[in-house]
Amino acid sequence: MAARATAAGYDISRAYVQQLRRGKRTNPTVRALQGVAAAFEVPLSYFFTPEEPARRGGEEEALALLAGDEAVREIALRSSHLTPEGMRAIASVLENLEQLPGLVRYSADPDQEDKSER
């Protein structure tokens, strides 16, 4: 995330990101939030809009629900420093895992998930 924020013009160090993740820094500057927003390609207002997850819909709702899952957070945080090639490799591994019998295929719309065994 630090590399993506820096590439977008916001100088954020990896150490600073780690401090935010671990709660050692709890009140980031507006400039740091702008960098985080740029890294995740969301508007700055994303961090300040008090919307209920159910009203966000689609992928945002799924992400909000998954944010409470410790295993999902761990995977996301560990992958946050990867290059675009690394992110594509992770996506490829996930696509291959989805083909295994008994696993649920991802869909941003929970009503469209294929829950049948393959």
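Along the sequence shown, the residues carry numbers beginning at 1.
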What do you reckon, is CZ of R14 surrounded by more than 12 foreign heavy atoms closer than 6.0 Å?
no

Tell me whether the count of non-hydrogen atoms from other residues, nucleotides or ligands lying under 6.0 Å of CD in E85 goes above 12.
yes

Kindly give the heavy-atom pair with the smallest separation between Y10 and A38, and that separation in Å.
CE1-CB, 3.8 Å

ILVMFWY network linking I75 to L82, side-chain heavy atoms under 4.5 angstrom
no

Are the side chains of P28 and L20 in contact, using a 4.5 Å heavy-atom criterion?
yes

Indicate yes or no: at least one non-hydrogen side-chain atom of L97 is less than 4.5 angstrom from one of L100.
yes

For the student: nearest non-hydrogen atoms of A5 and A39, plus distance
N-CB, 3.8 Å

Mind checking the CE-OH spacing from M1 to Y16? Nearest 0.5 Å is all I need.
9.0 Å

Keeping S80 on the side-chain end and L77 on the backbone end, is there a donor-acceptor pair under 3.5 Å?
yes

Distance-only, no hydrogens or angles: does the S92 side chain make a donor-acceptor pair with backbone N or O of R88 under 3.5 Å?
no

Taking all atoms of both residues into account, what is the closest heavy-atom pair of V36 and I12, and its distance?
N-CD1, 4.1 Å

